[in-house]
Structure formats: structure tokens, C-alpha cells
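A note on names: the letters A, B, ... follow the listed sequences, proteins ahead of strands, and every chain is numbered from 1.
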Amino acid sequence: MPELPEVETVRRGLIPRLVGHRIVRLLQRRRDLRVPLPRNFAARVEGRTVQAIDRRAKYLLIRLDDGQTLIAHLGMSGRMVLHDAKSAAAQPLGRHDHVVIETDSGWQLRFNDARRFGLMLLVANEAVASHKLFKGLGPEPLDDSFDGPALAARLKGRRTPIKAALLDQRTLVGIGNIYACESLFLAGISPRRSAHTVQGERAERLVAALKEVLLRSIDDGGSTLRDHMQPDGELGYFQTRFKVYDREGAPCPTVTCSGTVRRVAQSGRSSFYCARCQR
DNA sequence: ACGCCCACCTGGAGGC
DNA sequence: TGCCTCCAGGTGGGCG
């Protein structure tokens, strides 16, 4: 379930259950995720207290009190499922619960990832920014400094379609297939437009759309969280209905437009858009 | 350097 | 029911 808004929502849901609490047990049930889990994982984490949980791009950064960061990425299918002691006892571990963390507050966190495209690793705080995984990452879209000119500069000279550029985490971080489609729709820009032509006012519009789509989704996630009280892993994507994503054949949601949502394949992924109001 | 394709892995949906 | 194919929200390595 993880693009930036989902990861951010998971982060906010984990904070009250983990921060300030000691990890009393870590159970590693299999090592072979996208990157093999750390050696001696349990020994290196047990006894540590969680000091903070940050996010960079789609990575969760769980700061431990020994100066290490537990980095987690959810891949395509990763979930963080919290159980209180009672529900943990009632719910046996599933075959995709790869890592189980128990805290001194009695809460249990299960990292579940059917496809195993996710990862967890332990890195010293000061080495996180220069870590291979973080080296080439672009700016955070919700930072105030990320504006039209900033995006335009990063698209300059790029011959790839704008959709592909948005998915490329070197351009900016946090955008996946869904929010790329939704943002381009909101900005009225075709996913097939060459990235270098998104300049000036067009880049302004796209940045505004990206921020709006992400913020609205985080809000929706927040309200879902309040309703559920915990990131139970079943939140899914927040907008029950996307405007164009997965809506092939539906009428274009723009009231004044008589177009139809189309699906095209771009670099192996589906793009959904209205060819009439997205240019 | 850049852009594109594919593989990584499992499960769900839909067709026959 | 079963079997087959296609598709899925991410990423990075390898290729031309």
C-alpha cells in the first residue's frame, strides 16, 4: 500500500505505539527480502528504545537509542500491522509476517510483505544520508522549497515522458503509479508529454497538483487512522475512489469534459488519463 | 549519462 | 473445481 501518503500515515500510526518504548523482542522469521535482513538482527535491536520515527521518500526511519536507524521500506505489498497483547495472542502469525517486534508496552508490530520487495536494514544515523539507497534521491514534494522552478529545473533536458520522470525517485521522491496518474490529471497534463516541456506555468500547476493530491491523501489516511486507532494494515489506499487511476472506460471526471478515461502502458506500467483534458 | 526493459515474488481476478 | 494468464501500489541492475 505504499506511496508517500501511505508511508507517512504508517509513520504517524506507529509513533504513539513505539516512540519512547523499548523493543523487548524481535523475531525474524525469514531473511530473504529484497535485501537480506541484517545479520544478528534480533541481538542488535532487542533492548533498544525507539527515539523517533522519521520518513525520507518512501522509507521509514526508526531511530534507536544506540545511534542506529532501522530503515524499512514496504515495497509493493508491505504492511505494518499493530496488535495489542490480546489481539496478538488471538491472531496467529501468517506466512508473510517476516519480522515481529514486541515492545515493553505490550504492543506487537508485524512487518508483513507477501511479495518480499520490501526491506529492513540497520544503519548508523550518520551513514543514512550517504547510504547507497538514499544517494540519488530527489527532493521531498511537500517541502516548501519544492516549487515550480525547482521541478522545472529537474525536468530540463529530460526526454522521457513526464509520467516516467515523476516515477523516477531522482526527480522527486514519494510518487508512485497512482499519485503520478492523479497529479497529472489534476494538472491537466498528459502522462505522455515529454518531461522537458513541463516548464514555467505548467510546472507550477504540476507542483500544486502533486502537493494537493499528497496532502489530501495524508488527510484521508489520518481520518482512517482515527477511525481504526492503529495502522492495522488494512487501510489500503485512502481515496476510496481515484479520479482516473484504475478507471479505464469511465467518463472523465471533469464536469465540462465529455472524454473517457484511457489506459496506456508506459514503461511497463499502466497510465490512466483523459486525452481530452490532459495535454 | 540517459532511457528503457526486465526481474525480483506472491496472490487475486477473470477467462475457459 | 481447476488451470491458465494477466495484473498489481517499487526499485535497481543491465543493456544499448
**Request:** Could you work out which one of dT10(B), dA8(C), dG13(C) sits closest to the side chain of Lys132(A)?
**Result:** dG13(C)
**Item:** Presence of Arg159(A) side-chain N/O under 4.0 Å of dC2(B) phosphate oxygens OP1/OP2
**Value:** no
**Item:** N/O (side chain, Ser270(A)) to phosphate O (OP1/OP2, dA8(C)) under 4.0 Å
**Value:** yes
**Complete:** Nearest-nucleotide check on DNA chain C, Gly268(A) vs Leu133(A); residue mapping nearer the 5' end is Gly268(A)
**Message:** What's the gap between dC6(C) and dC6(B) when it is taken at their P atoms, as a whole Å value?
**Reply:** 14 Å
**Request:** Round to the nearest Å and state the distance from Leu74(A) atom CG to dT10(B) atom C1'.
**Result:** 16 Å
**Request:** Go through the side-chain N and O atoms of Arg192(A) and Tyr273(A) and say whether any donor and acceptor fall under 3.5 Å apart.
**Result:** yes
**Asked** For Thr160(A) and dC4(B), is the shortest distance between a side-chain N/O and OP1 or OP2 below 4.0 Å?
**Response** yes
**Item:** Under 4.0 angstrom between Arg263(A) side-chain N/O and dA8(C) OP1 or OP2
**Value:** yes
**Asked** Given dT10(B), is OP1 or OP2 found less than 4.0 Å from the side-chain N or O atoms of His96(A)?
**Response** no
**Message:** Between Arg34(A) and dG10(C), is there a contact of a side-chain N or O with OP1 or OP2 at under 4.0 Å?
**Reply:** no
**Request:** Establish, from distance only, whether the side-chain atoms of Arg22(A) and Thr49(A) form a donor-acceptor pair under 3.5 Å.
**Result:** no
**Prompt:** Would a distance-only check, ignoring hydrogens and angles, find a side-chain to backbone donor-acceptor pair under 3.5 Å from Glu182(A) to Lys243(A)?
**Reply:** yes
**Fill in**
note: Met76(A), atom CE; dC6(B), atom C1'; distance rounded to Å ~ 13 Å
**Donor-acceptor side-chain pairing of Ser105(A) and Thr103(A) below 3.5 angstrom** = yes
**Message:** Is a donor from one side chain sitting under 3.5 angstrom from an acceptor on the other, for Ser271(A) and Arg262(A)?
**Reply:** no
**Item:** P spacing across the pair dC9(B) / dC3(C), given as an integer number of angstrom
**Value:** 23 Å
**Message:** For Phe272(A) together with Phe242(A), are the ring centres under 6.0 Å from each other?
**Reply:** no
**Request:** Just compare dT11(C), dA8(C), dG11(B) and give me whichever is closest to any side-chain atom of Tyr245(A).
**Result:** dA8(C)
**Complete:** Leu33(A) atom CG is separated from dC9(B) atom P, nearest whole Å, by 11 Å
**Request:** Determine: side-chain N/O of Gln169(A) to OP1/OP2 of dG10(C), distance under 4.0 Å, yes or no.
**Result:** no
**Message:** Measuring from the side chain of Arg95(A) (C-beta onward, heavy atoms only), which nucleotide among dG11(B), dC9(B), dT11(C) has the closest atom?
**Reply:** dG11(B)
**Whole-Å distance separating the CG atom of Leu137(A) from the C1' atom of dG10(C)** = 13 Å
**Asked** If you check every side-chain atom of Tyr59(A), which of dG13(C), dT10(B), dG12(C) has the closest atom?
**Response** dG12(C)
**Request:** Give the rounded distance in Å between these two atoms: CG of Asn177(A) and C1' of dA8(C).
**Result:** 9 Å
**Asked** How many Å lie between CZ on Arg79(A) and P on dG10(C), as a whole number?
**Response** 15 Å
**Request:** Quick one: look up who dA8(C) pairs with, Watson-Crick or G-U, both distances under 3.5 Å, and put none if it's unpaired.
**Result:** dT10(B)
**Request:** Round to a whole Å and report the spacing from CZ of Arg170(A) to P of dG13(C).
**Result:** 12 Å
**Message:** As a test of reading the structure: which of dC8(B), dC4(B), dG12(C) is closest to the side chain of Pro161(A), going by heavy atoms?
**Reply:** dC4(B)
**Asked** If you find the nucleotide of DNA chain B closest to Gln266(A) and the one closest to Phe117(A), which residue's nucleotide is nearer the 5' end?
**Response** Gln266(A)
**Prompt:** Which class fits the ring pair Tyr59(A) and Phe134(A): parallel under 30°, tilted 30 to 60°, perpendicular over 60°?
**Reply:** tilted
**Item:** Separation of dC2(B) P from Lys156(A) NZ (nearest whole Å)
**Value:** 14 Å
**hbond_proxy Arg269(A) side chain to dG10(C) base (donor-acceptor, 3.5 Å cutoff)** = yes
**Asked** Counting only distance, no hydrogens or angles, is the base of dC9(B) paired donor-acceptor with the side chain of Arg115(A) under 3.5 Å?
**Response** yes
